[in-house]
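Written below as C-alpha cells is the structure these notes are about.
Predicted model, so just to flag it, every value in this text is computed and none were measured.
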Amino acid sequence: HWTFSAPPVLSADGTNVLLENLVSIAPFQWEAVSDGSYNVKGNWTVAVPDSMGAEANFLGKITTDSVVTVEAPVTVGAINFDNANSYTVVGPAAITLESLTGVAEINVREGAHAITAPLVVPGQLAINAEAGTNLSIAPAMPQLVSGDLAKSGTGAVAIGSSVLLT
C-alpha cells in the first residue's frame, strides 16, 4: 500500500508518473487497544483490510486479551498474530481468505489466538504456528472451496473439537 507525499509528478510528455514522491504506508494493523469491530476504519492504522491479498495484522497494540468482531463479510490474503495477549476473531460474518498467489496464510508468531468467525478459502490455506504458539479455529474446519490445507511450524493448531495439527 503506497501513497504520495506530494502530488504525483508527470514526465515531460505527460505519459508517466514519476515515483519521486512515493512513500510507503504502514500495513493494515489493528490499532484498538482492546475489543472492537473489525469493520470500523478507526480500529486500523490505514483502513479496514478488505481486499484479496490484504493482510490483517493483529500485533502488539492490545494490552489484555481482546475480541475482534467481524460484523460484515471481509476478504484478506493473510491474517498475522504476534502478541502475548490473545486475540479472538469472532463472527457473525465470514472472512474469505484469498491471496493473489492462490495461497492464503494464517501466521502465528507469538501467543495463543482463536478464530471463530466462519472462514471461506477459495484456494489453498497455509497455517504457520511458530514454536510455543497456539491457534484455535472453531467451530469447524474452514470451508476449502478448491484447495489444500498445509501446516508448518511447531506450534499447535486446533480445528474444531477433534482436529489437532502439531
Joint hydrophobic cluster, Val48 plus Val46, side-chain heavy atoms closer than 4.5 Å: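 Val48 and Val46: one cluster.
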Connected via hydrophobic side-chain network under 4.5 Å: Trp44 and Val67: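 No.
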Heavy-atom donor-acceptor pair, [X] side chain to [Y] backbone, under 3.5 Å:
X      : Y      : result
Ser86  : Ala112 : yes
Thr69  : Glu71  : no
Asn43  : Gly36  : no
Lys151 : Gly153 : yes

Centroid-centroid distance, Tyr38 to Trp30, less than 6.0 Å: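 Between Trp30 and Tyr38, which both carry aromatic rings, the centre distance is not below 6.0 Å.
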Give the minimum heavy-atom separation between [X] and [Y], together with the two atoms involved.
X      : Y      : result
Phe28  : Ala54  : CE1-CB, 3.9 Å
Pro118 : Gly91  : CD-CA, 4.4 Å
Leu100 : Met52  : CD2-CE, 3.7 Å
Ser66  : Ile62  : OG-CG2, 3.5 Å
Ala93  : Ala117 : O-CB, 3.7 Å

Can you tell me how far [atom2] of [Y] sits from [atom1] of [X], rounded to the nearest 0.5 angstrom?
X      : Y      : atom1 : atom2 : value
Phe81  : Thr88  : CZ    : OG1   : 8.5 Å
Leu149 : Ile137 : CG    : CD1   : 7.5 Å
Glu98  : Ser51  : CD    : OG    : 10.5 Å
Leu135 : Ile79  : CG    : CD1   : 9.0 Å
Tyr87  : Asn57  : OH    : CG    : 9.5 Å
Ser152 : Asn128 : OG    : CG    : 3.5 Å

Worked check of side-chain contact (heavy atoms from CB on, under 4.5 Å) between Val103 and Gln124: CA-CA 5 Å; Val103 181; Gln124 296 179 353; 3.3 Å; yes
4.5 Å side-chain heavy-atom contact, [X] and [Y]:
X     : Y      : answer
Thr96 : Pro122 : yes
Asn39 : Val74  : yes
Ile95 : Val89  : yes

Stepwise side chain to side chain donor-acceptor pair (under 3.5 Å) test for Glu31 and Thr45: CA-CA 6 Å; Glu31 277 291 294; Thr45 52; 5.4 Å; no
Side-chain H-bond candidate by donor/acceptor type, Asn85 with Thr64, under 3.5 Å: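 There is no such pair between these side chains.
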Val76 and Asp50: CA distance, side-chain angles, deciding distance, side-chain contact (heavy atoms from CB on, under 4.5 Å) verdict: CA-CA 6 Å; Val76 294; Asp50 184 15; 5.9 Å; no
Derivation and outcome, side-chain contact (heavy atoms from CB on, under 4.5 Å), residues Ile106 and Ile115: CA-CA 10 Å; Ile106 300 174; Ile115 300 173; 4.0 Å; yes
side-chain contact (heavy atoms from CB on, under 4.5 Å) between Leu97 and Leu125, worked out: CA-CA 8 Å; Leu97 286 162; Leu125 177 60; 3.9 Å; yes
Phe58: which of Asn83, Val68, Asn80 passes side chain to side chain contact (heavy atoms under 4.5 Å, CB included):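 The residue from Asn83, Val68, Asn80 that satisfies side chain to side chain contact (heavy atoms under 4.5 Å, CB included) with Phe58 turns out to be Val68.
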Sole residue of His113, Glu130, Glu110 in side chain to side chain contact (heavy atoms under 4.5 Å, CB included) with Asp82: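 Testing Asp82 for a side chain to side chain contact (heavy atoms under 4.5 Å, CB included) against His113, Glu130, Glu110 leaves exactly one candidate, Glu110.
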